Amino acid sequence: MQIATWNVNSIRTRLDQVQAWLKDAQPDLLCLQETKVDDPLFPHEVFEAQGYQVHFHGQKAYNGVAIVSRQPLEDVRRGFTGELPEDAEALQLGEQKRVISALVNNIRIVNAYVPNGSALKSEKYPYKLEWLSCLNRYLCAQAKRDEPLCLVGDFNIALEARDIHHPELLTGGIMASELEREALLKVLGDRLHDVFRVFEPDANHWSWWDYRSGAWDRDQGWRIDHIYLCDELLSQARSCVIHKHLRGHEKPSDHAPVSVDLNWTPTDDDEEMSELFSN
DNA sequence: ATGGCTATATGGTATAGA
């Protein structure tokens, strides 16, 4: 089972490229961020014509997340409210459409678009920290159902020096500051693991290149798009790849897709039942 | 370097991204 994540920076602008990549890479599941479209305008027919179903949680102009899937999704949850119905802060933080979750092949997929934070002195920076704290509570509430967990998305945080093109210049600044790193590490706890690092220890592997300053031509990027797996799923991971070449296309997203290949056979409900009754 | 580039909502510029 192949699971992918991609910040597309507008699904409508990137629609042809997303269709082409689905056809080429054939992921079972694709989590999108920054769809930048209100739900009634989401171009779902195009995905359905390609043999995928898509569930989305978006808004006009900013943010927006979606899950594209070959297999039917169950228990789709939009925003934090599905897990934290009585949490006032969650309701407020949920006004920006940044998280969607679902069950597929018995895996709990959580697709997150973490706030950028803008700058350390911006009011958006404490918002980013609060949002991460809320994501932590959300995943703690989710954990009670004991489902195998896969957390993916655009985290807007590089956790280590090897995830940044010039760590000596950029460490401590936005996307690489101590507080936001601590907040993300708290979300991960000892439950979730960055599967990319299981296969690739070296620097110079980026998922985002700034549109400005010739960052792509200089290969000056950051690795801020991640796939996190629980132990059970991590033990079944065959590979994890950043599909860098898409950043080189005409009119690209500033992010490249990231995917993981899992040795994971969908558990058939009927088989589970027959096992149950054969005992 | 508060620059650089791109997308959206607009109908000349403003906001946001990262």
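These numbers were taken from a predicted model, which means no experiment stands behind them. Convention: sequence-line order gives letters A, B, ...; per-chain numbering from 1.
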**Request:** For DNA chain B, determine which residues of residues 247-259 of chain A have any heavy atom closer than 4.0 angstrom to one of its atoms, and list them numerically.
**Result:**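 Hits under 4.0 Å, by residue number: A/Lys251, A/His255.
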**Request:** Taking only heavy atoms on the protein side, list every residue of residues 156-177 of chain A lying under 4.0 Å from any atom of DNA chain B, sorted numerically.
**Result:** A/Asn156, A/Met175
**Request:** Start with the C-alpha gap between A/Thr13 and A/Lys36, add the side-chain angles, then the distance that decides, and say whether side-chain contact (heavy atoms from CB on, under 4.5 Å) holds.
**Result:** CA-CA 10 Å; A/Thr13 294; A/Lys36 294 189 174 181; over 6 Å; no
How many Å lie between [atom1] on [X] and [atom2] on [N], as a whole number?
{"X": "A/Lys97", "N": "B/dA16", "atom1": "NZ", "atom2": "P", "answer": "17 Å"}
{"X": "A/Asn7", "N": "B/dA18", "atom1": "CG", "atom2": "P", "answer": "6 Å"}
{"X": "A/Tyr211", "N": "B/dA18", "atom1": "OH", "atom2": "P", "answer": "10 Å"}

**Prompt:** OP1 or OP2 of B/dA18 less than 4.0 angstrom from a side-chain nitrogen or oxygen of A/Lys124, does that happen here?
**Reply:** no
**Prompt:** In chain order, what residues pass the salt bridge (Lys or Arg N to Asp or Glu O under 4.0 Å) check against A/Arg145, with sequence neighbours excluded?
**Reply:**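 A/Arg145: salt bridge (Lys or Arg N to Asp or Glu O under 4.0 Å) contacts with A/Glu83, A/Glu147.
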**Request:** Taking salt bridge (Lys or Arg N to Asp or Glu O under 4.0 Å) as the test, write out the residues that go with A/Arg212, two or more places apart.
**Result:**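 Once residues adjacent in sequence are excluded, the partners of A/Arg212 under the salt bridge (Lys or Arg N to Asp or Glu O under 4.0 Å) criterion are A/Asp210.
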**B/dA18 and B/dA14, which share atom name P, separated by this distance in whole Å** =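 Result for the P pair: 22 Å, nearest Å.
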**Message:** Rounding to an integer number of angstrom, what distance separates B/dT13 and B/dA1 when you compare their P atoms?
**Reply:**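 Comparing P positions in B/dT13 and B/dA1 gives a spacing of 29 Å.
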Please tabulate, for the side chains in residues 116-123 of chain A, all donor-acceptor contacts under 3.5 angstrom to protein atoms that are two or more places apart in sequence or on a different chain.
| from | atom 1 | to | atom 2 | distance (Å) |
| --- | --- | --- | --- | --- |
| A/Asn116 | OD1 | A/Ser118 | N | 2.7 |
| A/Ser122 | OG | A/Lys124 | N | 2.9 |

Show me the donor-acceptor pairs within less than 3.5 Å that the side chains of residues 224-232 of chain A make with the rest of the protein, sequence neighbours left out.
| from | atom 1 | to | atom 2 | distance (Å) |
| --- | --- | --- | --- | --- |
| A/Asp225 | OD1 | A/His255 | ND1 | 3.2 |
| A/Asp225 | OD2 | A/Ser207 | OG | 2.6 |
| A/Asp225 | OD2 | A/His255 | ND1 | 2.8 |
| A/His226 | ND1 | A/Tyr228 | OH | 2.9 |
| A/His226 | NE2 | A/Arg223 | O | 3.0 |
| A/Asp231 | OD1 | A/His193 | NE2 | 2.8 |

**Asked** Would B/dG4 be called syn or anti, given that syn covers angles within 90° of 0?
**Response** syn
